[in-house]
Amino acid sequence: MLVHSPDSGLGKVVPSKAQDWLFEDIVHLKTIRKKEYDFYTKILLYFLDPPKIKGKLAKVDSVAANRNFYKPDNKEFFKSDKVVELQWLLSEILTKHEIKLKLVASVCAIEGCSNATQDLLYTLSPVQLSKVFFSGTIEDDEMIFPPIPNFIFTRDIGIIIKDHILLNKPAKKARLREALLAKYIFFNHPYFSGYSKNVIEIPDASHHFLLPKDGDDKKVTLEGGDVMVVSKDHLLIGVSERTSMEAAQRVINILFKKDIMKKITIVKIPKKRDYMHIDTIFTQVKKNVWVMLGSFSKRAIKMEGADPVQRVLEGSKKEEHITIIQFKKKDINKPVYFDSLEDLLIDISVNDLKCREKVKLIYSGNNEFPFDTREQWTDSCNLLALKEGVVLGYDRNDKTKEAFEKNGFAVINAPVLIDKLENGELNPDTIKDTLILMPSAELSRARGGFHCMSMPLLRDEI
């Protein structure tokens, strides 16, 4: 799994620039690191790379340790090849002089840096330069270009599809530097040497620079939160505020031509900040269990609870309209249409994953207004499955927690779980059907959950 821990750039976001940098609010850096994201790091290590953390918790969390275990630029950093830190990878490729020259020049071109700033960057060590590229700051006090605080959402920079990497094309200018750094890492770090000839870059239209501002649908933009590998041969692509129909069409043609996928489903959702990617309205929990926003349920779309007059008067409203079209490589001219998101998810569980158990749909906020939309806003649907049936979510989404409990899931708070994993009372291999609640007072302000904060590199077969 590819991750990036909160760097000092998050602490530089100011109210006047928050929305330009795609944040809804400013966050408290010390809290988001020590009291929230560090718990995420520890849980990832217990599940994916136990020797890095098991039996060492007291030492790494001691006052004397000064959080050095969690700092990518520190010699005591955990350096896992299973919980893989982006900043660490970048510092390693910057040891190559040619890459350093190219990347400094490229970043300075994007950010409009002076020649003097460019010369200064050439003098920095690989570890220092990597830190600057992420935070935009030298020595934590001199800002030379904007931070890229969204880089904690590593899901969006690309997606591993079998033995290929599909690179993103960000919709917002604030994420251009992320895309550049990610591309250099994927093409140049030995960790990805097996993928170097299988990196897919989506081409722009030859006349893209002539498109008017209102021609967004024809622009090629794609972010990883809109791409889901739901089975070995089935891919979902969201068309959303961040991913264009043009990009989706190009990806379908590329993947079918390369014979990478047999089936690709387009899920077109409203272009609203509330639903920036499809993984903000649904994610998978188990083969037969999904969490989703009830606004896109069959009952809501057909207004089954409304009186006849209301159904007629409001039935034509399109704000919450969703379109689902499925293409199959062997018969691309005969697409399949789904009436609702529920129908699609049930079809995936039954036909792709061969589930024999009843398919369960757990709804954000227990499908109770106003908790459904409130909790979706704080990422109740953006859950990360560490293994089948064991997911990470925010502790603030109380009604969604109740919905999980009603569906037979255990619920445990992250600090309690970590203590039990450390003392041997619990074992990651034997934990089943559990919602792990993570501290979220600051993380949730950044508008992304743990699904967003992870880029899977190697998936277990389920």
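Only heavy atoms go into these numbers, but all of them, side chains included; no hydrogens, no water, no symmetry mates.
- With respect to K298 and D343, a salt bridge is recorded, a charged nitrogen being found less than 4.0 Å from a carboxylate O.
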Steps toward side chain to side chain contact (heavy atoms under 4.5 Å, CB included) verdict (Y363, L293): CA-CA 6 Å; Y363 295 99; L293 177 62; over 6 Å; no
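- Taking the charged nitrogens against the carboxylate oxygens, E368 and K399 do have a contact shorter than 4.0 Å, which makes a salt bridge.
- For the pair K183 and E201, the salt-bridge criterion is met [side-chain N within less than 4.0 Å of a carboxylate O].
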Evaluation steps, side chain to side chain contact (heavy atoms under 4.5 Å, CB included), between V132 and T137: CA-CA 5 Å; V132 172; T137 306; over 6 Å; no
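- Counting heavy-atom neighbours within 6.0 Å of K328 NZ, excluding the residue itself, gives a total of 12 or less.
- Note: F192 and F186 have perpendicular aromatic rings, judged against thresholds of 30 and 60 degrees for the angle between ring planes.
- Taking every heavy atom of both residues into account, V229 and I160 meet most closely at CG2-O, 3.8 Å.
- In this structure, M455 and I159 have side chains that are not in contact, with every pair of non-hydrogen atoms separated by 4.5 Å or more.
- Residues D156 and R175 are paired through a salt bridge, judged by an N-O separation under 4.0 Å between the basic side chain and the carboxylate.
- In summary, the side chains of S444 and R396 do present a donor paired with an acceptor at a separation below 3.5 Å, with no hydrogens or angles considered.
- At least one side-chain heavy atom of L181 sits under 4.5 Å from a side-chain heavy atom of F133.
- No more than 12 heavy atoms of other residues, nucleotides or ligands lie within 6.0 Å of CG in D460, so this atom counts as exposed by the packing criterion.
- Using modelled atom types, one finds no donor on one side chain facing an acceptor on the other under 3.5 Å when comparing S135 with D7.
- In this structure a side-chain-to-backbone donor-acceptor pair under 3.5 Å is present from K354 to N351.
- Side-chain N or O atoms of H28 include one that pairs as donor or acceptor with a backbone N or O of T31 at under 3.5 Å.
- Under the 4.5 Å side-chain criterion, counting only non-hydrogen atoms from C-beta, N150 is in contact with E178.
- Summarising the geometry of E36 relative to E442, their closest heavy-atom pair is OE2-N, 2.8 Å, with the distance given to 0.1 Å.
- Aromatic pair F296/F282: centroids not less than 6.0 angstrom apart.
- A donor-acceptor contact shorter than 3.5 Å is absent between the side chain of R242 and the backbone of H277.
- Rounding to the nearest 0.5 angstrom, the gap separating the CG atom in N168 from the OG1 atom in T221 is 9.5 Å.
- A donor-acceptor contact shorter than 3.5 Å links the side chain of Y37 to the backbone of H4.
- Side-chain contact, Y46 with E422: a donor N or O sits under 3.5 Å from an acceptor N or O.
- Ring centroid separation for the pair Y195 and F187 does not come in under the 6.0 Å cut-off.
- For CZ of R374, the number of neighbouring non-hydrogen atoms (other residues, nucleotides, ligands) closer than 6.0 Å is 12 at most.
- Inspection of the D61 and Y70 side chains reveals an N or O donor paired with an N or O acceptor under 3.5 Å.
- Note that CD1 of I431 is 5.0 Å distant from CG of L426, once rounded to the nearest 0.5 Å.
- For K34, the NZ atom counts as loosely surrounded, since its 6.0 Å shell holds 12 or fewer non-hydrogen atoms of other residues, nucleotides or ligands.
- Residues F134 and F151 place their aromatic rings such that the two centres sit under 6.0 Å apart.
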Intermediate values then yes/no, salt bridge (Lys or Arg N to Asp or Glu O under 4.0 Å), D352 and K232: CA-CA 8 Å; D352 292 328; K232 184 177 68 172; over 6 Å; no
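- Side-chain atoms of T373 come within 3.5 Å of backbone atoms of P370 as a donor-acceptor pair (strictly under, hydrogens ignored).
- The one candidate from K162, K329, K330 that meets the salt bridge (Lys or Arg N to Asp or Glu O under 4.0 Å) condition with D259 is K329.
- Formation of a donor-acceptor pair under 3.5 Å by the T243 side chain with backbone atoms of E223 is found in this model.
- Using cut-offs of 30° and 60° for the angle between ring planes, the F404 and F409 rings count as perpendicular.
- Every residue two or more places apart in sequence or in another chain that forms a salt bridge (charged side-chain N to carboxylate O under 4.0 Å, His left out) with E425 is listed here: K420.
- Between L48 and K82, the shortest heavy-atom contact is O-CD, 2.9 Å.
- Salt-bridge formation is detected for the pair D73/K131: a Lys NZ or Arg NE/NH1/NH2 atom is positioned less than 4.0 Å from an Asp or Glu carboxylate oxygen.
- Of the possible donor and acceptor atoms, one in the side chain of S349 sits under 3.5 Å from a partner among the backbone N and O of K287.
- Salt-bridge formation is detected for the pair E246/R250: a Lys NZ or Arg NE/NH1/NH2 atom is positioned less than 4.0 Å from an Asp or Glu carboxylate oxygen.
- Interatomic distance, F153 CZ to H451 NE2, rounded to the nearest 0.5 Å: 13.5 Å.
- A cation-pi contact, defined as under 6.0 Å to the ring centre and within 45° of the axis, is absent between K71 and F77.
- By the 4.0 Å N-to-carboxylate-O rule, K286 lies close enough to D433 to be salt-bridged with it.
- In this structure a side-chain-to-backbone donor-acceptor pair under 3.5 Å is missing from R447 to F23.
- The distance from atom CG of L255 to atom NZ of K262, rounded to the nearest 0.5 Å, is 14.5 Å.
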Worked check of side chain to side chain contact (heavy atoms under 4.5 Å, CB included) between V285 and E388: CA-CA 7 Å; V285 177; E388 190 182 7; over 6 Å; no
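- Of all the heavy atoms in V391 and A385, the pair that sits closest is CG1-CA, 3.7 Å.
- I43 and A414 make their closest contact through CD1-CB, 3.8 Å (heavy atoms, listed as atom of the first residue, atom of the second, distance).
- Salt-bridge check for D38 with R67: passed, with a basic side-chain N closer than 4.0 Å to an acidic carboxylate O.
- Checking E342 against S297 by side-chain atom types alone, no donor-acceptor pair falls below 3.5 Å.
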Evaluation steps, side chain to side chain contact (heavy atoms under 4.5 Å, CB included), between M453 and L443: CA-CA 10 Å; M453 284 182 266; L443 274 173; 4.0 Å; yes
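- V227 places none of its side-chain heavy atoms less than 4.5 Å from the side chain of L236.
- Taking every heavy atom of both residues into account, V220 and A247 meet most closely at CG1-CB, 3.9 Å.
- Distance alone, capped at 3.5 Å, is enough to place a donor-acceptor pair between the K387 side chain and the P428 backbone.
- Between the CE atom of M1 and the CG atom of L386 there is a distance of 6.5 Å, given to the nearest 0.5 Å.
- Side chains of Q376 and S364: a donor-acceptor N/O pair is absent below 3.5 angstrom, by distance only.
- For the residue pair N382/T280, the side-chain donor-acceptor check at 3.5 Å is not satisfied.
- Checked by atom type and distance alone, the side chain of S380 never pairs as donor or acceptor with a backbone atom of N397 at under 3.5 Å.
- Relative to the ring axis of F39, K42 places its NZ or CZ within 45° and under 6.0 Å from the centre.
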